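Reading through the structure tokens given below for one structure.
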Amino acid sequence: MDVYNQTTITEFILRGLSDLPEVRYPLFVVFAAIYQVTLVGNGAILLAVGTKQKLHTAMYYFLANLSLLDIFCPSATVPNMLKNLLTKNQSISFVGCALQLFFLVALAGTEVFLLAVMAYDQYVAICFPLSYIFIMTKGRCVKLTAGTWASGFLNSLLHMVFTFCLSFCKSDQVNQYYCDIPPVVALFCSSTYVTEMLVLVLGGILGISAFLITGISYIYIISTILKIRSAEGKCKAFSICASHLLVACLFYGTMIFTYICPSSSHHSPARNRLISMLYGVITPMLTPLIYSLRNTEVKGALRKVLCHKACLKQGRYYSAFHLI
């Protein structure tokens with residue numbers, strides 16, 4: 001293995017997909033299509049929430065922020081991955097790697113906190129429906145959202161500082177298709193104890209706290225729904241939180257599958273890296289599909305937005321035709 005010191009490393013080589021040259025172009029097509037669906041789907045959610053007065057509530061305000069995260073998170077990694085697949089140029093600058101790690105960790109952390117806030121919102125809506133508008137006021141929603149974004153980015157800033165302030169001397173080969181904390185820390189020649197403990201303690205405390213808030217909220221939600229006597233009331237209450245519950249299960253499930261299951265020795269490194277794309281690429285695409293399919297209000301708003309756009313295009317076409 002080549003040896004480097006910190007002063008000579010000006011760029012890193014992302015080796016995540018280098019051992020799959022025979023499927024380079026099919027992967028490019030697949031992930032380019034997934035990325036486009038992700039952008040269009042989440043963009044449609046933002047458009048529907050922003051243009052329809054009926055959706056100007058706390059729940060959809062949080063959903064709009066979730067759609068923003070699901071646009072930004074893959075945008076931190078997928079464009080560079082597509083460039084690498086298309087050009088075979090697997091390099092990324094030192095600053096580019098640091099920024100990619102910073103935004104990836106920040107957006108992932110923000111999504112963890114936002115899902116906890118959304119679970120709390122569902123808890124208030126189901127367990128205290130008469131007091132909901134007084135508890136989830138506009139000001140409180142803004143403060144909760146600002147807190148999630150600030151917490152995610154401050155957490156990521158600490159990780160980035162403690163990661164890139166140490167000396168790199170083992171190699172410039174990052175064994176992943178993007179810059180993440182574990183593959184970058186593996187390149188250190190100095191002690192990694194502080195960095196690893198920071199990831200373990202800070203990530204554990206914040207992640208477990210958010211997970212507990214989400215889990216406890218849904219324990220109370222399910223308990224309250226089961227106490228409803230009418231079947232119609234149960235279905236109506238469950239329909240309010242079903243979409244978010246599916247998204248939360250998908251988010252935590254893919255994170256566990258990405259960071260725990262690949263550590264088993266019977267998986268090849270190539271398969272492990274492909275599995276890691278579940279969280280960063282697949283999940284953001286599925287979120288708008290879940291909300292548009294499960295939520296009748298979102299589905300109706302999207303249908304009206306699309307119909308309105310189609311009518312506008314048709315009107316412009318006829319206007320141009322008559323002018324001719």
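Just so it is clear, the model here is predicted, and its values are computed rather than measured.
Using a 4.5 Å cut-off between side-chain heavy atoms of Ile, Leu, Val, Met, Phe, Trp and Tyr, with links allowed through other members, Val184 and Val95 fall into the same hydrophobic cluster. Side-chain heavy atoms closer than 4.5 Å link hydrophobic residues (I, L, V, M, F, W, Y) into clusters, and following such links, possibly through other members, connects Leu114 to Leu246. Tracing side-chain contacts under 4.5 Å through hydrophobic residues (I, L, V, M, F, W, Y), one reaches Met59 starting from Trp149; they form part of the same cluster. Using a 4.5 Å cut-off between side-chain heavy atoms of Ile, Leu, Val, Met, Phe, Trp and Tyr, with links allowed through other members, Val247 and Leu289 fall into the same hydrophobic cluster. Linking ILVMFWY side-chain heavy atoms closer than 4.5 Å, directly or via other members, places Ile135 and Tyr132 in a single hydrophobic cluster.
Note that OG1 of Thr110 and CG of Asn65 are 10.0 Å apart. Values are rounded to the nearest 0.5 Å. Rounding to the nearest 0.5 Å places CG of Asp121 at 8.0 Å from OG1 of Thr57. A distance of 8.0 Å separates CZ of Phe251 from OG1 of Thr283, quoted to the nearest 0.5 Å. Atom OG1 of Thr148 is separated from atom CZ of Phe113 by 8.5 Å, given to the nearest 0.5 angstrom. With values rounded to the nearest 0.5 angstrom, Leu86 atom CG is found 12.0 Å from Met81 atom CE.
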(request) Please test Phe94 against Phe12 for ring pair (Phe, Tyr, Trp, His ring centres under 6.0 Å), starting from the C-alpha separation and ending with a verdict. (result) CA-CA 6 Å; Phe94 186 92; Phe12 294 96; 5.7 Å; yes
(message) Run Tyr218 and His244 through ring pair (Phe, Tyr, Trp, His ring centres under 6.0 Å) and show every step you take.
(response) CA-CA 10 Å; Tyr218 273 100; His244 178 260; 5.7 Å; yes
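Minimum heavy-atom separation, Pro284 to Asn42: O-ND2, 3.1 Å. Taking each heavy atom of Ile221 and Cys241 in turn, the nearest pair found is CG2-SG, 3.9 Å. What you find for Ser151 and Gly147 is that their closest heavy atoms are OG-O, 2.7 Å. Of all the heavy atoms in Ala58 and Met136, the pair that sits closest is CB-CB, 4.2 Å.
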Going by atom type alone, with no hydrogens or angles, which donor-acceptor pairs under 3.5 Å involve a side-chain atom of residues 207-216 and a protein atom two or more places apart or on another chain?
unit_1: Ser209; atom_1: OG; unit_2: Ile205; atom_2: O; d: 2.5
unit_1: Thr214; atom_1: OG1; unit_2: Ala210; atom_2: O; d: 2.9

Run the side-chain donor-acceptor check on residues 32-41: report pairs under 3.5 Å with partners two or more places apart or on a different chain.
unit_1: Tyr35; atom_1: OH; unit_2: Ser75; atom_2: OG; d: 2.8
unit_1: Thr38; atom_1: OG1; unit_2: Ile34; atom_2: O; d: 2.8

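Each of Val201, Asn155, Val112 was scored for a side chain to side chain contact (heavy atoms under 4.5 Å, CB included) with Leu206, with one residue passing: Asn155.
In this structure a side-chain-to-backbone donor-acceptor pair under 3.5 Å is missing from His159 to Ile181. No side-chain donor-acceptor contact under 3.5 Å links Ser156 to the backbone of Gly152. Under the 3.5 Å distance criterion, the side-chain polar atoms of Glu111 are left unmatched by any main-chain donor or acceptor of Leu66. When atom types are taken as modelled, the side chain of Ser93 and the backbone of Gly96 share a donor-acceptor pair closer than 3.5 angstrom.
Taking the six-membered ring for Trp and thresholds of 30 and 60 degrees, Tyr123 and Phe128 have ring planes more than 60 degrees apart, a perpendicular arrangement.
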